[in-house]
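In what follows, a structure is listed as structure tokens, so that the remarks can point back to it.
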Amino acid sequence: MAVINRVASVPLILSDPYFSIWSPADHLYDIDTQSWTGKEIPIRGYITVDQQVFRFMGKDEKIPTIEQTNLDISPTRTTYQFENDLVTLELTFAVNLDLSNLVKISEPITMIQTKISKKNPASIVQIDWQFSDEICQDSPMKETINWQKLHTEISDIVWMGKSQQTPLNSTGDLIDIDWGYFYIAAQKSVKMAYYRNGKMLEASYVLDDEVTFLVGYDDIHAINYFGTPCNALWKEKHLTMYNLLENYLNEIPKNLENCQKIDQEIQKNAIRVGGETLEFLTSLSYRQSICAHKLIRNPEGEIIFLSKECSSNGCIGTVDISYPSMPLYLLYQPELVKGMMRPVYHFANLPVWEYDFAPHDVGRYPYVTGQVYSLNEVDNIQIGRRDTIFDYYALPAGQKVYLEEHQMPIEESGNMLIMNAATFLIDQDEVFFTQHLTTNLKWADYLLAFGQDPQNQLCTDDFAGHLAHNANLALKAINALALFGKALVEISHEKASIYQGAAKEMAQVWLQMANSGEKTKLAFDQEDSWSLKYNMIWDQLFELNLFNQETREQEVDHYLAQINDYGTPLDSRKTYTKADWIMWTATLSEDKEKFETMIAPIKKYLEESNSRVPFSDWYDTVTADVMNFKNRTVVGAIFMPLLKEQLLLEGRKNV
């Protein structure tokens, strides 16, 4: 486990982009827990030892604290230790996020495990929890919350939720769920007692040795998928939340054991590849990346894996959010990468999308009803903060819904080709690859025509604004054509050699245009500029033979020379950076010492930042202040060096 002295924010209860609870403080009792949005959603914990009451979680100045003595974070678990002269308490929040089991990662369940060691064996210890009704509402008008107990032969369960349920009633960014039900469940033997105290739901039990109980959230309906309300994938297996909770209660030991297995595998591999720093970073990114998605099936029965563009604009299924998160899923579950792409292909083939390049997104979470980025506001197309989304996908051609000047033609087309080709070369699913071949060929032809020297347009780092002659964007086009060409070889397609040959020629032209001494430029027409060339990574991973290792090492050497206290800036214009792109560019080096030197400042930033938010990928390398983003799926990019090892060093690639 990654032993933490201080970290920007600690994951506790994670299961959904709308329901992610964090502790933004050094100690669990310093402040009330919060949603990832920053809204206080108090969860408080108390321990009573022989009638002496202490607080271990949440803010309550009337009750003294029991000292927090340790904090460990692993990919699936967060464990606290508390101690005084009466007891030692261990508290673990665990989520069985097994990427090999799609139903399991869809289950909105967190296990809360409490263990006690009494200094006096005769002491009587009771644990009391309080859960705020803020968990299940976001409406500015506070609504009536209903709650009810359920007792069966197996379990004691309680639920709470708004008295009037309106699933999928709003969309947007930086808002919390406003529908569904919160659950607490324990085995009958625990003798859990439930009470309602004002706006808090209370649960208590006597703790002699160890007790594990469950909290969960049923969002009723999860996604509006092109007009069809869809449920989370777990509902295929479990008829109701009660069924899921009782099944989970019976398998608590199995689920906890699997959490430990997942953690050990990831930590072992991370330490081998990148030492304790990489282990730390993978431990802080695994849950966040997975849980900022929603997993469903479309009406055709295909897996759909939808990201929420948290703290950016709330878009759903954003292509340039899927692209950086991809290493985690290529490594452990390529089907989820296909699940990211399917809704994009569906939308791109509808009449309303009239471009020869890929779209940016497919709606605003949880509405998959057509791209919302760059809507033509001249025609009064505007979306309020909580508004539901119009069915843009159903419009006929010729409506001019989108402004072309604010699209990301090369960015998103390159991303989709790379995602598709990389997935195919890893899992050899020819059915999926050929299913979307016509669309991909159109996008590849677009890159062939316009990718060598991009016009003035946006890239994924759109916060930096439009940029003409973007060298890194050209790299994306070149790598995408080469990788797609390599995939086409596998099906003996006639255009394979065309794209591969063009990519190699474009790479040679790129070297001439981008060269600026011992570095490469940010833009071809800016001699003294530079930028992180993260798009070069695919050449290395899939041996595309576009650039040599000397070129890659020279780039990394320049990045090392630019390091500030908290990392290498994104480019020569500002001191901010992106953690995902630092990880990708560090992976370009074959020198382990260079790699670890480049990623070490990310760990330092997470430990020392005064911005107490979930892992932010966009931050300042001088101050460690978060720029804006938080809780985003893109931290799946942290797994790029592990993907590289799998594809290259262990010889397990299937290409």
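Here the structure is a predicted model, which is why all the values come from computation and not from measurement.
A donor-acceptor pair is defined here as one N or O able to donate and one able to accept, closer than 3.5 Å; such a pair exists between the side chain of Thr577 and the backbone of Thr568. Between the side chain of Gln288 and the main chain of Phe615, a donor-acceptor pair closer than 3.5 Å is present. Here the side chain of Thr33 pairs a donor or acceptor atom with the backbone of Ile43 at under 3.5 angstrom. Of the possible polar contacts, none joining the Glu83 side chain to the Glu67 backbone as a donor-acceptor pair under 3.5 Å is found. A side-chain donor-acceptor contact under 3.5 Å links Ser325 to the backbone of Ser322. Under a 3.5 Å cut-off, the side chain of Gln34 and the backbone N or O of Pro24 do not form any donor-acceptor pair. A donor-acceptor pair under 3.5 Å is absent between the side-chain atoms of Ser611 and the main chain of Asp625, judged by distance alone. Side chain of Arg287 to backbone of Ser74: a donor-acceptor contact under 3.5 angstrom is found. Between the Gln68 side chain and the Leu28 main chain, a donor and an acceptor come within less than 3.5 Å of each other. Within the 3.5 Å criterion, the main-chain N or O of Pro11 finds a donor-acceptor partner in the side chain of Thr78.
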Might you work through the side-chain contact (heavy atoms from CB on, under 4.5 Å) test for Arg196 and Asp133, ending with a clear yes or no? CA-CA 10 Å; Arg196 183 73 174 165; Asp133 62 17; 3.2 Å; yes

Could you walk me through whether Arg44 and Asp32 pass the salt bridge (Lys or Arg N to Asp or Glu O under 4.0 Å) test, one step at a time? CA-CA 7 Å; Arg44 295 171 183 157; Asp32 273 330; 2.7 Å; yes

Please assess Asp50 against Ser123 for the test side chain to side chain donor-acceptor pair (under 3.5 Å), listing each intermediate value before the final yes or no. CA-CA 6 Å; Asp50 298 330; Ser123 293; 2.9 Å; yes

Passes side-chain contact (heavy atoms from CB on, under 4.5 Å), Phe54 versus Val87? Steps please. CA-CA 11 Å; Phe54 306 93; Val87 294; over 6 Å; no

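Salt-bridge check for Glu40 with Lys59: failed, with every basic side-chain N at 4.0 Å or more from each acidic carboxylate O. Ion pairing between a basic and an acidic side chain is recognised when a charged N comes within 4.0 Å of a carboxylate O; Lys118 and Asp208 show such pairing. Ion pairing of Asp263 with Arg77 is present here, as a side-chain N (NZ or NE/NH1/NH2) and a carboxylate O approach within less than 4.0 Å. Under a 4.0 Å N-O distance rule, the pair Asp387/Arg364 does not qualify as a salt bridge. Checked for salt-bridge contact, Asp156 and Lys188 meet the test: a charged N lies under 4.0 Å from a carboxylate O. Ion pairing of Arg632 with Asp617 is present here, as a side-chain N (NZ or NE/NH1/NH2) and a carboxylate O approach within less than 4.0 Å. At a threshold of 4.0 Å, the pair Lys104-Glu107 counts as salt-bridged, since one of the basic side-chain nitrogens sits closer than that to a carboxylate oxygen.
Residues Tyr329 and Ser289 have side chains that bring a donor and an acceptor to within less than 3.5 angstrom of each other. For the 3.5 Å distance criterion, the side chains of Asp178 and Ser170 fail to qualify, holding no donor opposite an acceptor. Side chain to side chain, Asn96 and Lys254 fail the donor-acceptor criterion of an N or O pair below 3.5 Å. Of the N and O atoms on the side chains of Glu309 and Thr318, at least one donor lies less than 3.5 Å from an acceptor on the other residue. Neither side chain, Ser163 nor Asn146, offers a donor N or O lying under 3.5 Å from an acceptor on the other. Thr575 and Asp620 are linked by a side-chain donor-acceptor pair at a separation below 3.5 angstrom, with hydrogens and angles left out of the test.
By the neighbour-count criterion of 12 heavy atoms within 6.0 Å, atom CD of Glu210 is densely surrounded, having more than that number from other residues, nucleotides or ligands. Residue Lys191 qualifies as open at atom NZ: its count of foreign heavy atoms under 6.0 Å is 12 or below. Remark: Leu150 CG is packed, more than 12 non-hydrogen atoms of other residues, nucleotides or ligands lying under 6.0 Å away. By the neighbour-count criterion of 12 heavy atoms within 6.0 Å, atom NZ of Lys261 is sparsely surrounded, having that number or fewer from other residues, nucleotides or ligands.
Residues Tyr217 and Pro108 come closest through the heavy atom pair O-CG, 3.0 Å.
The aromatic rings of Phe56 and Phe82 sit tilted, their planes meeting at an angle between 30° and 60°.
Geometric assessment of Lys603 against the ring of Phe280 yields a positive cation-pi assignment under the 6.0 Å and 45° thresholds.
Within the 6.0 Å centre-distance limit, the rings of Tyr183 and Tyr242 are counted as a close aromatic pair. Residues Trp129 and Phe213 bring their aromatic ring centres within 6.0 Å.
By the ring-ring contact (aromatic ring centres under 6.0 Å, His included) test, Phe182 is found to be paired with Phe131, residues two or more places apart in sequence or in another chain being considered. Under the ring-ring contact (aromatic ring centres under 6.0 Å, His included) criterion, Tyr576 pairs with Phe463, Trp618, sequence neighbours left out. When the salt bridge (Lys or Arg N to Asp or Glu O under 4.0 Å) test is applied to Glu276, no partner is found at least two apart in sequence or on another chain.
Checking each of Tyr566, Tyr605, Phe629 against Tyr619 for a ring pair (Phe, Tyr, Trp, His ring centres under 6.0 Å) leaves exactly one that passes, namely Tyr605.
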